[in-house]
Number of protein chains: 2
Amino acid sequence: MTVKKSKFTDTQQLISKFANALANPVRISILELLANQSCCYHGDLSAELPVANSTLSQHLKVLKDAGLIQGEINPPKTKYCINLENWGLAKGLLIGFFDSKIHSYKCD
Amino acid sequence: MTVKKSKFTDTQQLISKFANALANPVRISILELLANQSCCYHGDLSAELPVANSTLSQHLKVLKDAGLIQGEINPPKTKYCINLENWGLAKGLLIGFFDSKIHSYKCD
DNA sequence: TATACATTTCGTAAGTTTACGAACAAATAA
DNA sequence: TTATTTGTTCGTAAACTTACGAAATGTATA
C-alpha cells in the first residue's frame, strides 16, 4: 500500500486538471450551453455543436471526469448539468491563480 | 485572400487557448514562479522544476505562444517574465466564463 | 583561437487527444 | 415481437504532447 507522491502540489494538479477540461472549444461551448441552460440533453447539445455524437460523448466524458458536469441517465435520454460545487472550486482556484502576487509585479 | 471562418467564436477559441497553456502542472509551476518573481532566468526555473532543460524550453515556448509570458534573450542567458497584458486578458475571460448566467442556475 | 556556459533546437519514442463511423444497449412504440 | 429513438462504447487513424539526450547556437572568457 504505497501512496504516490507527486512533484506538484494538489492545487497545481487541480488547476491543470480543470484547465485541461477547458482546453478545447467544443468543451467550452458545451459548458456555455449548459450554464445558459439553453440545453440539457445530449441531443440538444448535439444539434448545436459541429461534431459527431460519438465525439460529443467523449467530450462530455472528459468534462464529467474533471467534475465540471454531471449526467443523469434515463434511457434513451441523458440529461447533463453543471456541477455547481466543482464549478465554484474551479473558478476559485483559477481566479486565485491569476491574482497571485501579480499586483506588485515588476520585471527588472 | 480568404478568411477561414471557425465554428467557434473568438472568445471561445481564446479561452481554450489560454486554458491549454494552463493544462500542465509544470507550466502552472513556471507561471507561479514567474508571478512570484522568485525566478526569472531559465536556469533558475530549471533548478526548481523536475524536468530536463530541453523539456523546460518546450514548456516555455508553449507559454510564450499562448502569450502568457515573454522572453528576453541575452545569450547565454534568457530572462522570462509574465506578459501582464495577456495575463489580464486571460483572467478576465476566465472570470467572465465562470460567471456566465450561473447565478440563477437550477437544473430541473 | 579554443573553451566554457546557458539555453535552444533536433531527433525520436511513448502516450494522449480528437475525430469518425459502426456496432451495441435500453426503453418505448408500432 | 420487431422497429425506432437516443446515447454510449468500440475500433481506428491522424495529429498533438511530453519527455529525454545529443547536437547546435551564440556570447564571453582564457
Side-chain angles (χ1 to χ4, degrees), chain A residues 4 6-8 12-13 15-31 33-34 38-81 107, chain B residues 4 6-8 12-13 15-31 33-34 38-81 107:
Chain A
K4 187 173 176 187
S6 164
K7 301 155 188 165
F8 302 100
Q12 288 170 336
Q13 294 184 72
I15 292 175
S16 56
K17 190 184 81 169
F18 284 132
N20 184 65
L22 302 181
N24 178 290
V26 174
R27 292 198 292 270
I28 294 294
S29 297
I30 292 171
L31 292 172
L33 288 164
L34 290 180
S38 31
C39 311
C40 258
Y41 290 99
H42 178 116
D44 301 325
L45 296 167
S46 181
E48 299 286 336
L49 297 168
V51 291
N53 265 319
S54 52
T55 305
L56 178 55
S57 274
Q58 268 182 149
H59 283 300
L60 288 165
K61 177 166 165 33
V62 171
L63 291 171
K64 209 169 167 185
D65 289 348
L68 288 175
I69 68 172
Q70 55 203 105
E72 185 188 315
I73 305 177
N74 300 100
K77 295 200 149 208
T78 311
K79 186 160 73 177
Y80 288 99
C81 326
C107 200
Chain B
K4 188 175 177 186
S6 163
K7 301 155 188 164
F8 303 101
Q12 288 169 335
Q13 294 185 72
I15 292 176
S16 57
K17 192 184 79 170
F18 285 131
N20 185 65
L22 303 180
N24 178 290
V26 175
R27 293 198 289 271
I28 294 294
S29 297
I30 292 171
L31 292 172
L33 289 165
L34 290 180
S38 29
C39 308
C40 258
Y41 289 99
H42 177 116
D44 303 325
L45 297 167
S46 181
E48 301 286 336
L49 297 169
V51 291
N53 267 319
S54 52
T55 305
L56 177 55
S57 275
Q58 267 183 148
H59 283 300
L60 288 166
K61 177 165 163 36
V62 171
L63 291 171
K64 210 168 166 184
D65 289 349
L68 289 174
I69 68 172
Q70 56 203 103
E72 184 188 317
I73 305 177
N74 299 100
K77 296 198 147 207
T78 309
K79 188 160 73 177
Y80 288 99
C81 327
C107 200

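FYI, side chains are in, hydrogens and waters are out, and symmetry mates aren't considered; it's all heavy atoms of this structure. Since the model is a prediction, treat every value here as computed from it, not as a measurement. So that the names make sense, note that chain A is the first sequence line, chain B the second, and so on, each numbered from 1.
- The nearest whole Å value for the distance from the NZ atom in A/Lys61 to the C1' atom in D/dG7 is 15 Å.
- For B/His59 and D/dT17, the shortest distance from a side-chain N or O to OP1 or OP2 is not below 4.0 Å.
- Between the side chain of A/Glu72 and the main chain of A/Thr78, no donor-acceptor pair closer than 3.5 Å is present.
- The NZ-P distance, from B/Lys64 to C/dT9, rounds to 8 Å in whole Å.
- A donor-acceptor pair shorter than 3.5 Å cannot be found between the side chains of A/Ser16 and B/Asn24.
- A 4.5 Å side-chain heavy-atom check between B/Pro50 and A/Phe8 finds at least one atom pair inside the cut-off.
- For residues 20-31 of chain B, proximity to DNA chain D is found at B/Asn24, B/Arg27, defined as any non-hydrogen atom under 4.0 angstrom from a strand atom.
- Between the CG atom of A/Asp44 and the P atom of D/dG7 there is a distance of 7 Å, given to the nearest Å.
- Residue A/Tyr80 places none of its side-chain N or O atoms closer than 4.0 Å to OP1 or OP2 of D/dT6.
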Indicate for each nucleotide in nucleotides 20-29 of chain C, in 5' to 3' sequence, whether protein heavy atoms under 4.0 Å reach the base (B), only the sugar-phosphate (S), or nothing (-). BB----SS--
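- Straight-line distance from the CD1 atom of B/Ile73 to the P atom of D/dT27: 10 Å, rounded to whole Å.
- Rounded to whole angstrom, the span from the NZ atom of B/Lys7 across to the P atom of C/dT18 amounts to 15 Å.
- The distance from atom CD of A/Glu72 to atom C1' of D/dT8 is 17 Å, rounded to the nearest whole Å.
- Atom P of nucleotide D/dT18 and atom CG of B/Leu63 are separated by 10 Å, given to the nearest angstrom.
- We find the NZ-CD distance between A/Lys7 and A/Gln12 to be 13.0 Å, quoted to the nearest 0.5 Å.
- An OP1 or OP2 oxygen of D/dT9 is reached within less than 4.0 angstrom by no side-chain nitrogen or oxygen of A/Ser57.
- Under the salt bridge (charged side-chain N to carboxylate O under 4.0 Å, His left out) criterion, the residue pairs touching residues 60-70 of chain A are A/Lys61-A/Asp65, with sequence neighbours excluded.
- One atom, CG of B/Leu56, and another, P of D/dT18, lie 13 Å apart when rounded to the nearest Å.
- B/Lys77 contributes atom NZ, which lies 6.5 Å from atom CG of B/Asp44 (distance to the nearest 0.5 angstrom).
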Can you check side-chain contact (heavy atoms from CB on, under 4.5 Å) on A/Leu31 and A/Leu22, steps first, answer last? CA-CA 9 Å; A/Leu31 292 172; A/Leu22 302 181; 3.5 Å; yes
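- Judged purely by atom type and a 3.5 angstrom limit, A/Arg27 has no side-chain atom pairing as donor or acceptor with the backbone of A/Leu60.
- Listed for the A/Ser29 side chain is a donor-acceptor partner under 3.5 Å among the backbone atoms of A/Pro25.
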